[in-house]
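The structure appears below as structure tokens.
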Amino acid sequence: MADLLLLLEGLKAAAPACLVTVESTQGSAPREAGAWMAVFADGLVGTIGGGHIEHQAIAEARRRLRGVQGAAQLRYALGPALGQCCGGVMHLGFEVVGAQHVADLKQRLAPTRHPVALFGGGHVGHALARVLAPLPFALTWIDSRDGVFPPHPPGDVACEHSDPVHSAVPGLAPGSRVLIMSFSHAEDLDVVAACLKRQRAQGDLPFIGLIGSQTKWATFANRLHGRGFAPHELAQVTCPIGVPGIRGKEPEVIAVAVAAQLLQTVQDARAPRPMQAPDKAVNVHTR
């Protein structure tokens, strides 16, 4: 989102740019379809993966800015001729854009943001909010206490006070990934139970993660079973959270491990729609 804002600000200042978009890939490639960079005459925003492929694309984009015509899409083989050994192929789209395209680009290039509900404003919650802010997530941060959120939350994080805290669960955006780490095990248990009730009714929470140990989860599972939840419902809860193999317990370390786990649950975003139908791709460096 920060790159998109920089692009739009540059265009509004009447500086044209050449937008370079990864239209598709085959085999191993440094970026996925939908990745983009904007090349100005004297600057650059975004990246399509770095290396010699990006160097060549920048040179091609600046030729377009000087008025040199070319195919709307070029094919780059990531082999010896480019000084790269990825072995894949990238199809790059080139289009010169200006201030008149700002509204269209704002819609086309806006990243897909997946809703996340974070319950808990403790040390790990603060670290997670900072880590998740620049990632493709729309974060709602929830706590039952006053004064736990920073005066200036990172990015576009939405802070919400809810007392009791589990009463916020029914109003979560559909498709929310839920992270539970409140100041109290009693609150954690109530939030998990509320999530499982919502799953029973709607089934629209793709991830329910609870901070804690296997011992904590064994206790919770027993209590939730006593509340009437079946084993297949309890299996929807991930506890402990975070990608395996990261042993550090510092808040920032936990935050990175949990953010990586959330990213594993997210499917690749679709590539943006072209402004015009591209011409047949032209091969560049096919060795």
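The model shown is predicted, which means the values in this text are computed figures rather than measured ones.
Not a single donor-acceptor pair under 3.5 Å links the side chain of His126 to the backbone N or O of His123. Although no hydrogens or angles enter the test, the distance criterion places no donor-acceptor pair under 3.5 Å between the side chain of Thr238 and the main chain of Ile241. Of the possible polar contacts, one joining the Glu233 side chain to the Ala230 backbone as a donor-acceptor pair under 3.5 Å is found. Under a 3.5 Å cut-off, the side chain of Arg63 and the backbone N or O of Gly70 do not form any donor-acceptor pair. When atom types are taken as modelled, the side chain of Ser176 and the backbone of Val178 share no donor-acceptor pair closer than 3.5 angstrom. Looking at Trp141, its side chain never comes within 3.5 Å of a backbone N or O of Phe119 through a donor-acceptor pair. Of the possible donor and acceptor atoms, one in the side chain of Asp143 sits under 3.5 Å from a partner among the backbone N and O of Gly121. Of the possible donor and acceptor atoms, none in the side chain of Glu9 sits under 3.5 Å from a partner among the backbone N and O of Leu6. Arg200 contributes no side-chain N or O that, together with a main-chain N or O of Cys195, makes up a donor-acceptor pair within less than 3.5 Å. Looking only at distances, no side-chain donor or acceptor of Gln73 sits under 3.5 Å from a matching main-chain atom of Phe94.
Using cut-offs of 30° and 60° for the angle between ring planes, the His185 and Phe220 rings count as perpendicular.
Annotation: Arg227, atom CZ; neighbour count of heavy atoms from other residues, nucleotides and ligands within 6.0 Å is above 12. Around the NZ atom of Lys216, the shell of radius 6.0 Å holds more than 12 heavy atoms that belong to other residues, nucleotides or ligands. A 6.0 Å sphere centred on CD of Gln214 holds no more than 12 heavy atoms belonging to other residues, nucleotides or ligands.
Note on Val266: it clusters hydrophobically with Leu132, by side-chain heavy-atom contacts below 4.5 Å among ILVMFWY residues. Linking Ile, Leu, Val, Met, Phe, Trp and Tyr residues whenever their side-chain heavy atoms come within less than 4.5 Å leaves Leu179 and Leu234 in two separate clusters. Cluster annotation: Val89 is not connected to Val22 through the hydrophobic network of ILVMFWY side chains, with a link wherever side-chain heavy atoms come within less than 4.5 Å. Cluster membership for Phe40 and Val97, using ILVMFWY side-chain heavy atoms within less than 4.5 angstrom, is shared. Both Leu109 and Val102 belong to a common hydrophobic cluster when Ile, Leu, Val, Met, Phe, Trp and Tyr are linked at side-chain heavy-atom distances under 4.5 angstrom.
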Please report the C-alpha distance between Glu32 and Thr25 in whole Å, then the side-chain angles of each, then the deciding distance to 0.1 Å, and finally whether the side-chain contact (heavy atoms from CB on, under 4.5 Å) criterion is met. CA-CA 7 Å; Glu32 69 288 348; Thr25 65; over 6 Å; no
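Nearest heavy-atom pair across Val131 and Ala259 is CG1-CB, 3.6 Å. A pairwise comparison of heavy atoms in Ala57 and Leu92 identifies CB-CD1, 3.9 Å as the closest pair. The two atoms that bring Val253 and Gly248 nearest to each other are CG1-O, 3.6 Å, heavy atoms only.
Atom OG1 of Thr21 and atom NE2 of His91 lie 14.0 Å apart (nearest 0.5 Å). Taken to the nearest 0.5 Å, the CG atom of Leu19 stands 7.0 Å off from the CG atom of Leu7. Here the CD atom belonging to Gln261 is positioned 4.0 Å from the CZ atom belonging to Phe207, to the nearest 0.5 angstrom.
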